[in-house]
Amino acid sequence: MSVVSLLAELTDVGASRAGGYDRLAWTSADADCRTWFVAQASSRGLEVETDRNGNLWAWLNPSLPGTALVVGSHLDSVPRGGAFDGPLGVASAFAALDALGSVSDFVPGRPIAIVAFSDEEGARFGVACAGSRLLTGALQPDAFRALTDVDGITTAEAMSAAGQSPEHVGLDAERLARIGEFIELHVEQGHLASSAGVDGLTSDAPLGLATQIWPHGRWRVDLVGQQNHAGTTRLADRRDPMLDLARVILEVRIAAKSHGILATVGKIRVSPGAVNAIPGSVSAWIDARGSDETLVRRAMAEIGRDAALESWTPATPFDPAFVAELGTSLGGTLPLLPSGAGHDAGVLALAGIPTAMILVRNPSGISHAPEEYAEDADCERGVVALAAAIRSRAA
Ligand code: HGY
Ligand code: MN
Ligand code: MN
């Protein structure tokens with residue numbers, strides 16, 4: 001089945017009326033994505049399982065000796081996310097196995113698994129790559145179970161409601177030991193490369209290999225005022241945290257510019273959130289990233305405000321030898337790019353697993369938005385490359 005057809009099967013899953021996709025972790029849309037994964041895996045005779053952390057696995061020849069080659073990505077999205085961030089990697093994995101299955105001389109010499117990591121975006125509970133971080137022990141069970149969404153629902157309650165026990169989340173050393181290498185195909189996100197002085201993907205070079213993931217973190221700032229009536233409280237008597245929020249948002253942009261990093265206030269929560277009440281409190285979340293960890297830390301120190309760090313990803317280089325080997329097996333011409341976006345591949349790399357990412361050109365330069373896009377022909381090229389990568393690593 002082509003990757004374009006596989007993606008088309010997800011067109012209506014979690015489609016937002018406002019455009020894009022709402023496939024947040026442990027919601028009904030997430031469940032529908034999981035149903036799609038199981039159906040694709042089962043129809044290919046792959047052995048399907050959900051691990052203790054909610055990650056989905058589809059195994060080809062699991063009883064073969066040796067460690068597995070794992071390919072895949074994630075299926076969840078940010079609110080109003082794009083169609084490709086995550087699903088392109090999972091759909092391409094199924095399409096690549098289909099392509100190899102039709103090649104008579106492809107006989108896997110090791111187990112192969114397709115994975116869909118759970119809650120990569122951290123859009124509902126705030127911590128990115130929750131499924132892969134639990135798997136590798138980078139996220140502790142208690143810290144995970146304490147996370148809540150905007151309605152105060154805990155991860156444990158959301159998982160239980162979705163039929164997945166949260167009881168045994170955490171490091172899965174036995175499963176980790178089975179993973180020999182991981183290759184994640186992913187849609188290119190932004191033209192960061194060009195700003196980093198590296199040519200981004202172009203129509204002449206629609207595929208690339210990631211060299212690293214830039215350090216990035218998420219901070220929360222809580223601002224407290226005095227809730228009061230909007231129509232009866234004199235200006236002089238107000239303690240309005242919204243004014244403070246306005247200053248924080250400006251300070252974030254100024255600090256980002258002066259330190260040469262990227263920083264965003266993309267999420268706020270206002271209490272009580274009534275048009276006729278001065279807020280009593282406001283929470284804001286800052287996403288800050290950059291090529292240099294020191295610059296990110298310095299910028300955040302400049303903003304101050306007791307910003308509480310909620311999620312941190314250190315600078316994550318991919319194993320250069322593994323990336324080089326993969327590049328050679330793919331013809332030796334793919335451009336090498338840094339990734340400003342975080343990925344499960346980064347979590348596995350930090351756990352010591354040889355990991356690489358195949359990036360597929362996104363001419364829109366937009367991601368985490370409905371306009372995110374990859375051309376059919378480039379998606380097909382990605383499958384050809386992934387199939388070649390699997391063949392070179394698993395034959
Ligand atoms: O936020 C990120 O960089 C990724 O898309 N989770
Ligand atoms: Mn992604
Ligand atoms: Mn994403």
pair [X]-[Y]: side-chain heavy atoms closer than 4.5 Å:
| X | Y | value |
| --- | --- | --- |
| Glu121 | Asp85 | yes |
| His343 | Phe117 | no |
| Glu157 | Arg145 | no |
| Val90 | Ser73 | yes |
| Val71 | Phe182 | no |
| Ile353 | Thr136 | no |
| Val252 | Glu302 | no |
| Leu350 | Pro314 | yes |

[X] side chain to [Y] main-chain N or O, any donor-acceptor pair under 3.5 Å?
| X | Y | value |
| --- | --- | --- |
| Asp76 | Leu24 | no |
| Arg23 | Ser77 | no |
| Thr264 | Gly266 | no |
| Ser367 | Glu372 | no |
| Gln140 | Gly137 | yes |
| Glu9 | Leu6 | no |
| Ser339 | Ala210 | no |
| His229 | Gly231 | yes |
| Ser92 | Leu88 | yes |
| Asn362 | Ala374 | no |

>> Looking at every non-hydrogen atom in both residues, tell me the closest pair between Thr67 and Ile179 and how far apart they are.
In response: CB-C, 4.2 Å
>> Show the nearest heavy-atom pair for residues Gly170 and Pro141, with the distance to one decimal.
In response: CA-CG, 3.9 Å
Spacing of [atom1] belonging to [X] relative to [atom2] belonging to [Y], to within rounding of 0.5 Å:
| X | Y | atom1 | atom2 | result |
| --- | --- | --- | --- | --- |
| Ile286 | Ile268 | CD1 | CD1 | 12.5 Å |
| Ile390 | Glu181 | CD1 | CD | 11.5 Å |
| Ile112 | Leu97 | CD1 | CG | 6.0 Å |
| Asp12 | Tyr21 | CG | OH | 7.0 Å |
| Leu185 | Phe84 | CG | CZ | 12.0 Å |
| Met357 | Thr211 | CE | OG1 | 11.0 Å |

> Do Asp204 and Thr202 have a side chain donor and acceptor closer than 3.5 Å?
Replying inline: no
> Do the side-chain N and O atoms of Trp219 and Glu310 include a donor-acceptor pair separated by under 3.5 angstrom?
Replying inline: no
> In chain order, what residues pass the side-chain hydrogen bond (donor to acceptor under 3.5 Å, both in side chains) check against Thr155, with sequence neighbours excluded?
Replying inline: none
>> Could you work out, with side-chain contact (heavy atoms from CB on, under 4.5 Å) as the rule, every residue matching Ile254, not counting sequence neighbours?
In response: none
>> Taking side-chain contact (heavy atoms from CB on, under 4.5 Å) as the definition, give me every residue that meets it alongside Asp306, ordered by chain and number, with sequence neighbours left out.
In response: none
>> Run Leu223 and Ser281 through side-chain contact (heavy atoms from CB on, under 4.5 Å) and show every step you take.
In response: CA-CA 6 Å; Leu223 305 167; Ser281 64; over 6 Å; no
Same cluster or not: are [X] and [Y] linked, directly or through other Ile, Leu, Val, Met, Phe, Trp or Tyr residues, by side-chain heavy atoms under 4.5 angstrom apart?
| X | Y | result |
| --- | --- | --- |
| Leu207 | Leu326 | yes |
| Val347 | Val323 | no |
| Leu100 | Val384 | no |
| Met159 | Leu56 | no |
| Leu147 | Val150 | no |

> Can you check side-chain contact (heavy atoms from CB on, under 4.5 Å) on Glu293 and Arg298, steps first, answer last?
Replying inline: CA-CA 9 Å; Glu293 192 164 327; Arg298 248 187 239 146; over 6 Å; no
> If you measure from the Lys or Arg side-chain nitrogens to the Asp or Glu carboxylate oxygens, is any gap between Asp222 and Arg220 under 4.0 Å?
Replying inline: yes
> Can you pull the salt bridge (Lys or Arg N to Asp or Glu O under 4.0 Å) pairs that have at least one residue in residues 374-384, sequence neighbours excluded?
Replying inline: Arg361-Glu375, Arg361-Asp378, Asp378-Arg381
> How far apart are the C-alpha atoms of Arg305 and Glu251, what are their side-chain angles, what is the distance that settles it, and do they pass the salt bridge (Lys or Arg N to Asp or Glu O under 4.0 Å) test?
Replying inline: CA-CA 10 Å; Arg305 306 283 182 146; Glu251 286 162 7; 2.9 Å; yes
> Above 12 or not: heavy atoms from other molecules or residues under 6.0 Å from CZ of Arg253?
Replying inline: no
>> Under the criterion salt bridge (Lys or Arg N to Asp or Glu O under 4.0 Å), I'd like the reasoning laid out for Arg34 against Asp32: C-alpha separation, chi angles, the key distance, then a yes or no.
In response: CA-CA 5 Å; Arg34 292 170 180 271; Asp32 292 344; over 6 Å; no
>> Test side chain to side chain donor-acceptor pair (under 3.5 Å) on His216 and Asp287; report intermediate values, then the result.
In response: CA-CA 7 Å; His216 59 284; Asp287 178 311; over 6 Å; no
Less than 3.5 Å apart, which donor and acceptor atoms pair up between the side chains of residues 57-66 and the rest of the protein, not counting sequence neighbours?
unit_1	atom_1	unit_2	atom_2	d
Trp57	NE1	Asp51	OD2	2.9
Trp59	NE1	Glu49	OE2	2.7

Tabulate below the donor-acceptor pairs under 3.5 Å that side-chain atoms of residues 122-135 make, not counting sequence neighbours, or state none.
unit_1	atom_1	unit_2	atom_2	d
Arg124	NE	Asp149	OD2	3.0
Arg124	NH1	Ala25	O	3.0
Arg124	NH1	Trp26	O	3.2
Arg124	NH2	Asp149	OD2	3.1
Ser132	OG	Cys129	O	3.3
Ser132	OG	Asp344	OD1	2.6
Arg133	NH1	Ala128	O	2.8
Arg133	NH1	Ser311	OG	3.3
Arg133	NH2	Trp312	O	3.2
Arg133	NH2	Thr313	OG1	2.5

> Any idea how Trp36 and Phe94 line up, ring-wise: parallel (<30°), tilted (30 to 60°), or perpendicular (>60°)?
Replying inline: perpendicular
>> Set out, in order, the CA-CA distance, both residues' side-chain angles and the distance that settles salt bridge (Lys or Arg N to Asp or Glu O under 4.0 Å) for Arg52 and Glu167, then state yes or no.
In response: CA-CA 8 Å; Arg52 67 179 68 160; Glu167 207 183 327; over 6 Å; no
>> Using the rule given for salt bridge (Lys or Arg N to Asp or Glu O under 4.0 Å), can you reason through Arg80 versus Asp22, listing the C-alpha separation, both sets of side-chain angles and the distance that settles it, and then say yes or no?
In response: CA-CA 5 Å; Arg80 295 202 60 206; Asp22 292 332; over 6 Å; no
